Amino acid sequence: MAEKILIVDDEESIVTLLKYNIDQAGYDTDVAYDGSEALHKAEENDYDLIVLDIMLPELDGMDVCKQLRINKMDTPILMLTAKDDEFDKVLGLELGADDYLTKPFSPREVVARIKAILRRANRTVQEEKKDVIEIANLVIYPQQYEATIHGKQLIFTPKEFELLLYLAKHKGKVLARDQLLSAVWNYDFVGDTRIVDVHVSHLREKIEPDTKKPVYIKTIRGLGYKMEEPK
């Protein structure tokens, strides 16, 4: 399935030129002619990249980019502008744009930039996927410091997440409380292991179907804890 690209510019001749060349490069394109339409389409559709002009009616490209990033949308953005202004370039990148082209530009250069951005984005996605840990319905995303259970986002303190991640990376192994203190809290001496018990209790409240009968984090009496795949 072809990657889908939204082209946003208020000049119809530029939209036509970009659409023709991007279509010829094998992508599926959609268009918008002002910032409000672009924002609406970006929120309603799953685009792989947005080619976004800065000078737009309704909302300018800076505002569109800023709003998309506020809304946690990480769709790559290639910004276009008629201004050869370093401030615009820096501001656009700070707001979350991935690359920047100044008009006039060649369609070939736009296509080359699109391919480069998508290669980087796809490589990042693949790297993130390789790091993902799945244990039954629990999915952990180490790079994002996030986890879900049954698809629902979980909220952790930093230490809770680090403990969960350490247990998950050592699934099937019995981990002593002192070992967990050393790995997660950097205590290289026998400390108060109750801090481990408290954090395990908090984790169980968030991931276990029944905290009295845990299926993910098992207590190994007299030894410590073990992360298991629920049966």
Side-chain angles (χ1 to χ4, degrees), residues 2-23 25 27-129 131-132 141-148 153 155 158 161:
E3 290 166 301
K4 192 169 185 179
I5 295 174
L6 175 64
I7 302 166
V8 188
D9 199 300
D10 61 332
E11 295 184 52
E12 191 170 342
S13 59
I14 291 178
V15 171
T16 301
L17 178 67
L18 288 174
K19 179 174 172 54
Y20 173 79
N21 283 274
I22 295 171
D23 283 343
Y27 299 104
D28 183 15
T29 57
D30 193 5
V31 302
Y33 294 94
D34 63 61
S36 295
E37 182 185 12
L39 188 58
H40 174 74
K41 284 193 169 186
E43 290 173 342
E44 294 296 318
N45 298 277
D46 188 17
Y47 297 111
D48 295 287
L49 184 142
I50 300 172
V51 179
L52 179 64
D53 187 33
I54 287 182
M55 302 299 289
L56 294 169
E58 302 290 337
L59 287 174
D60 67 27
M62 296 289 194
D63 288 332
V64 173
C65 181
K66 182 179 179 181
Q67 192 59 51
L68 290 175
R69 297 308 186 229
I70 288 173
N71 293 345
K72 306 295 184 185
M73 297 184 67
D74 58 1
T75 308
I77 295 173
L78 171 60
M79 276 195 156
L80 307 175
T81 181
K83 295 181 179 179
D84 188 9
D85 190 327
E86 187 69 20
F87 175 76
D88 278 347
K89 179 177 182 180
V90 171
L91 180 58
L93 296 175
E94 286 180 346
L95 289 175
D98 296 82
D99 204 350
Y100 185 102
L101 267 178
T102 302
K103 297 177 181 178
F105 48 76
S106 72
R108 182 177 297 179
E109 185 177 9
V110 174
V111 171
R113 295 288 185 96
I114 287 171
K115 289 180 177 179
I117 294 170
L118 290 175
R119 276 198 303 271
R120 290 198 301 269
N122 290 334
R123 188 162 57 242
T124 299
V125 168
Q126 292 305 315
E127 288 172 355
E128 290 175 353
K129 282 183 177 178
D131 291 337
V132 171
Y141 305 90
Q143 292 193 32
Q144 291 88 354
Y145 256 61
E146 294 177 356
T148 62
Q153 188 82 35
I155 305 298
F161 184 84

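We use all heavy atoms of the structure for the numbers below, so side chains are in, but hydrogens, waters and symmetry mates are not. Remember, predicted model here, so these are calculated numbers, not experimental data.
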### Task
Working to the nearest 0.5 Å, report the span between CE of M62 and OG1 of T81.
7.0 Å
### Summary
Note: E3 and D48 closest approach over all heavy atoms is CA-OD2, 3.2 Å
#### Entry: Set of residues satisfying ring pair (Phe, Tyr, Trp, His ring centres under 6.0 Å) with respect to F105, sequence neighbours excluded
none
#### Entry: For D28, all residues meeting side chain to side chain donor-acceptor pair (under 3.5 Å), sequence neighbours excluded
none
### Candidate pair L78 and L52, rule side chain to side chain contact (heavy atoms under 4.5 Å, CB included), full reasoning
CA-CA 6 Å; L78 171 60; L52 179 64; over 6 Å; no
### Message
Taking the side chain as everything from C-beta on, heavy atoms only, tell me whether L80 gets closer than 4.5 Å to Y100.
### Response
no
### Query
Should M73 and Q67 be marked as a side chain to side chain contact (heavy atoms under 4.5 Å, CB included) after you check the CA-CA gap, both sets of side-chain angles, and the distance that decides it?
CA-CA 9 Å; M73 297 184 67; Q67 192 59 51; over 6 Å; no
### Query
So, for A42 and I50, which heavy atoms are closest and what is the spacing to 0.1 Å?
CB-CD1, 4.0 Å
### Task
Under the side chain to side chain contact (heavy atoms under 4.5 Å, CB included) rule, what do I14 and T16 come out as? Steps first, then yes or no, please.
CA-CA 5 Å; I14 291 178; T16 301; over 6 Å; no
### Query
What is the distance from atom CG of L39 to atom CD of E44, rounded to the nearest 0.5 Å?
10.0 Å
### Query
Short question: side chain of R108, backbone of A112 - any donor-acceptor pair under 3.5 Å?
no
### Query
Any idea which heavy atoms bring A97 and C65 closest together, and the distance?
N-SG, 3.7 Å
### Message
Under the rule for side chain to side chain donor-acceptor pair (under 3.5 Å), what residues qualify as partners of E43, not counting sequence neighbours?
### Response
N71
### Task
Return the minimal non-hydrogen interatomic distance between A25 and V111, and the atom names on each side.
CB-CG1, 3.7 Å
#### Entry: Distance in Å, E146 CD paired with T148 OG1, rounded so as to fall on 0.5 Å steps
9.0 Å
### Query
Would you say N45's side chain and Y47's backbone share a donor-acceptor pair under 3.5 angstrom?
no
### Task
Inspect the contact between K103 and D53 and indicate whether a charged nitrogen and a carboxylate oxygen are less than 4.0 angstrom apart.
yes
#### Entry: Exercise: identify the closest heavy-atom pair between R69 and L95
CG-O, 3.3 Å
### Query
Going through the checks in order, is the side chain to side chain contact (heavy atoms under 4.5 Å, CB included) test met by T75 and D46?
CA-CA 8 Å; T75 308; D46 188 17; 5.7 Å; no
## Note on the structure
Residues at least two apart in sequence or cross-chain that pass side chain to side chain donor-acceptor pair (under 3.5 Å) with K115, listed by chain then number, are none
### Message
Restricting to non-hydrogen atoms, name the atom on D9 and the atom on V15 that form the minimum distance, rounded to 0.1 Å.
### Response
O-CG2, 3.3 Å
### Task
Using side chain to side chain donor-acceptor pair (under 3.5 Å) as the criterion, list what pairs up with N21, not counting sequence neighbours.
none
#### Entry: Contact check, side chains of V8 and V51, non-hydrogen atoms, under 4.5 Å
no
### More than 12 heavy atoms of other groups within 6.0 Å of E109 CD
yes
### Message
Nearest 0.5 angstrom please: Q144 CD to D131 CG, how far?
### Response
8.5 Å
### Message
For K41, is there an ion pair with D30 - N to carboxylate O distance below 4.0 angstrom?
### Response
yes
### Query
Salt bridge or not for D99 and R113, using N-O below 4.0 Å?
yes
### Message
Could you measure the distance from the CD1 atom of I114 to the CZ atom of R119? Nearest 0.5 Å is fine.
### Response
12.0 Å
### Message
Any heavy-atom pair between the side chains of Y27 and L49 that's under 4.5 Å?
### Response
no
### Query
Which pairs with one or both residues in residues 55-64 pass salt bridge (charged side-chain N to carboxylate O under 4.0 Å, His left out), sequence neighbours excluded?
none
